[in-house]
Amino acid sequence: MKAAVLSSPGRIADRPLRIEEVPLPTPAAGQILLRVQACGVCRTDLHIVEGELPPLHPALIPGHQIVGEVAGPAPNELLAGTRVGVSWLGGTDGSCWYCRNNFENLCNSPTFTGYSVNGGYAEFAVARSDFVVPLPSALDALQAAPLLCAGIIGFRSLRVAGVEPGERVGLFGFGASAHLAIEVLNAWRCEVYVSTRGASHRQLADSLGAKWVGSEVEKPPVELDRAITFAPSGDVVVTALASLRKGGVVAINAIHLDRMPEFDYDRLLWGERQIRSVANMTRADARDFLKVAVDIGLRPRVTTFALDQVNEALAAIKSDAIDGAAVIIP
Ligand SMILES: [Zn+2]
Ligand SMILES: [Zn+2]
């Protein structure tokens, strides 16, 4: 099969992913073989490809928002031809303290799709059958792919921030994840304030119903109940913190930050403000979010790329050139 393989991480401009012919993967016990119909592109893939997350294998196929058709015999209720989604959390040990206490997102021995095991930038992939989610037929493959990380983890960010219906919520950065989160917030009748770089991202936020839109350094004109940051930048976290009312929460939706700058505790954190990180996702987040997505008719804005344009897709994510989400069609 054809696959995009990372052998040595490097700057995306140097095209570190190579398209190669590799053997078809063989499913192990408890796994299923999937024919990949679409695979979403996530900023985490960029951190893996550029080496900000340390390499775990000498050769890796990235990609962790996989829409696939079951292409062989399957255990449990999955049948050949069933369409399923695979996301970042590819498996857990099921036995550590976190797994036993409803925090499987924090498992001590997790499997991450497209990082600790091969992912979906390929014609076929294997996945643990108990970690795939059956996809509602209302969603086509292109629409479903960006929901599987950008969507689910954006949704978890709203939960981690403790968003309640009708609250004032700030979104700092407006890429694939935020453009889906805003639609959930609209359905919850929240007031949404968006600070982001890029005129076209600001325009998209405006067209999706943001109450106020500003540049990445602008503070919203009101005090926020909650803020979610999406940019891999510690400065953005401090800007978000400075926008909160007392008791407000910032949730950081980023697996990697450039650095965390010093900030003034007395002015910014005192008053029971909180900073929380969002790590991975649970299967319950996936199920709950996909149900919400169907209920509110969520339709991601998608730009498609062929498999051999995968480096270009990641470069476009890096430069914020995509409005909405990028999806690879292998
Ligand atoms: Zn565990
Ligand atoms: Zn992701």
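- The distance from atom CD1 of I296 to atom CH2 of W188, rounded to the nearest 0.5 Å, is 9.0 Å.
- Listed for the R189 side chain is no donor-acceptor partner under 3.5 Å among the backbone atoms of G166.
- Rounding to the nearest 0.5 Å places SG of C39 at 7.5 Å from CD1 of I328.
- When all heavy atoms of C190 and V163 are compared, the closest pair comes out as SG-CG1, 3.8 Å.
- Between R226 and E167, at least one side-chain nitrogen of the basic residue sits less than 4.0 Å from a carboxylate oxygen of the acidic one, meeting the salt-bridge criterion.
- Of the charged side-chain nitrogens involved, none lies within less than 4.0 Å of a carboxylate oxygen, so that D323 and R202 do not count as a salt-bridged pair.
- Of the possible polar contacts, one joining the R273 side chain to the W270 backbone as a donor-acceptor pair under 3.5 Å is found.
- With contacts defined as side-chain heavy-atom distances shorter than 4.5 Å, the pair C107/C99 qualifies.
- A donor-acceptor contact shorter than 3.5 Å is absent between the side chain of H64 and the backbone of F112.
- Between K211 and V192 there is no side-chain heavy-atom pair separated by less than 4.5 Å.
- Remark: side-chain polar atoms of R197 are not paired, donor with acceptor, to backbone N or O of G173 under 3.5 angstrom.
- Looking at E312 and R15, a side-chain N of the basic residue comes within less than 4.0 Å of a carboxylate O on the acidic one, giving a salt bridge.
- With H201 contributing its side chain and F174 its backbone, the two residues share a donor-acceptor pair below 3.5 Å.
- With hydrogens and angles ignored, the 3.5 Å screen pairs a side-chain donor or acceptor of S129 with a backbone N or O of G30.
- Listed here is the closest heavy atom pair of I152 and A286: CD1-CB, 3.6 Å.
- For the side chain to side chain contact (heavy atoms under 4.5 Å, CB included) with L148, the qualifying choice from I153, T113, V67, I66 is V67, the only one to do so.
- Of the N and O atoms on the side chains of D45 and Y121, at least one donor lies less than 3.5 Å from an acceptor on the other residue.
- In this structure, the separation between CG on L142 and CZ on R299 is 11.5 Å, given to the nearest 0.5 Å.
- For the pair Q31 (side chain) and A127 (backbone), a donor-acceptor distance under 3.5 Å is absent.
- Taking the six-membered ring for Trp and thresholds of 30 and 60 degrees, F155 and F289 have ring planes inclined between 30 and 60 degrees apart.
- Looking at N101, its side chain never comes within 3.5 Å of a backbone N or O of F103 through a donor-acceptor pair.
- Summarising the geometry of S137 relative to R83, their closest heavy-atom pair is CA-NH2, 4.1 Å, with the distance given to 0.1 Å.
- Residues L204 and V41 share a hydrophobic cluster, clusters being chains of Ile/Leu/Val/Met/Phe/Trp/Tyr side chains in contact below 4.5 Å.
- Annotation: the span from L314 atom CG to I12 atom CD1 amounts to 4.5 Å, rounded to 0.5 Å.
- A donor-acceptor pair is defined here as one N or O able to donate and one able to accept, closer than 3.5 Å; such a pair exists between the side chain of N311 and the backbone of L17.
- There is no side-chain donor-acceptor pair under 3.5 Å between T282 and N105.
- A salt bridge does not link E50 with R11: every distance from a Lys NZ or Arg NE/NH1/NH2 to an Asp or Glu carboxylate oxygen is 4.0 Å or more.
- When side chains are defined from C-beta on, V126 does not count as touching L34, because their heavy atoms never get closer than 4.5 Å.
- Distance check: T229 OG1 to F172 CZ gives 8.5 Å after rounding to the nearest 0.5 Å.
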Donor-acceptor pairs under 3.5 angstrom involving side-chain atoms of residues 238-252: please list them, not counting sequence neighbours.
| from | atom 1 | to | atom 2 | distance (Å) |
| --- | --- | --- | --- | --- |
| T239 | OG1 | D235 | O | 3.1 |
| S243 | OG | T239 | O | 2.9 |
| R245 | NE | D225 | OD1 | 2.6 |
| R245 | NH2 | D225 | OD1 | 3.4 |

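- Across L224 and G170, no two heavy atoms sit closer than the pair CD1-CA, 3.7 Å.
- Closest approach of L33 to P25, counting heavy atoms only: CD1-O, 3.7 Å.
- Ion pair R35/E69 flagged as a salt bridge, since at least one NZ, NE, NH1 or NH2 atom sits closer than 4.0 Å to an Asp/Glu carboxylate oxygen.
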task = Begin with the C-alpha distance, continue with both residues' side-chain angles, and end with the deciding distance and a verdict on salt bridge (Lys or Arg N to Asp or Glu O under 4.0 Å) for E104 and R283.
result = CA-CA 8 Å; E104 68 179 5; R283 283 172 285 181; 2.9 Å; yes

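- Using cut-offs of 30° and 60° for the angle between ring planes, the Y193 and W212 rings count as tilted.
- Side-chain atoms of H179 never come within 3.5 Å of backbone atoms of A325 as a donor-acceptor pair (strictly under, hydrogens ignored).
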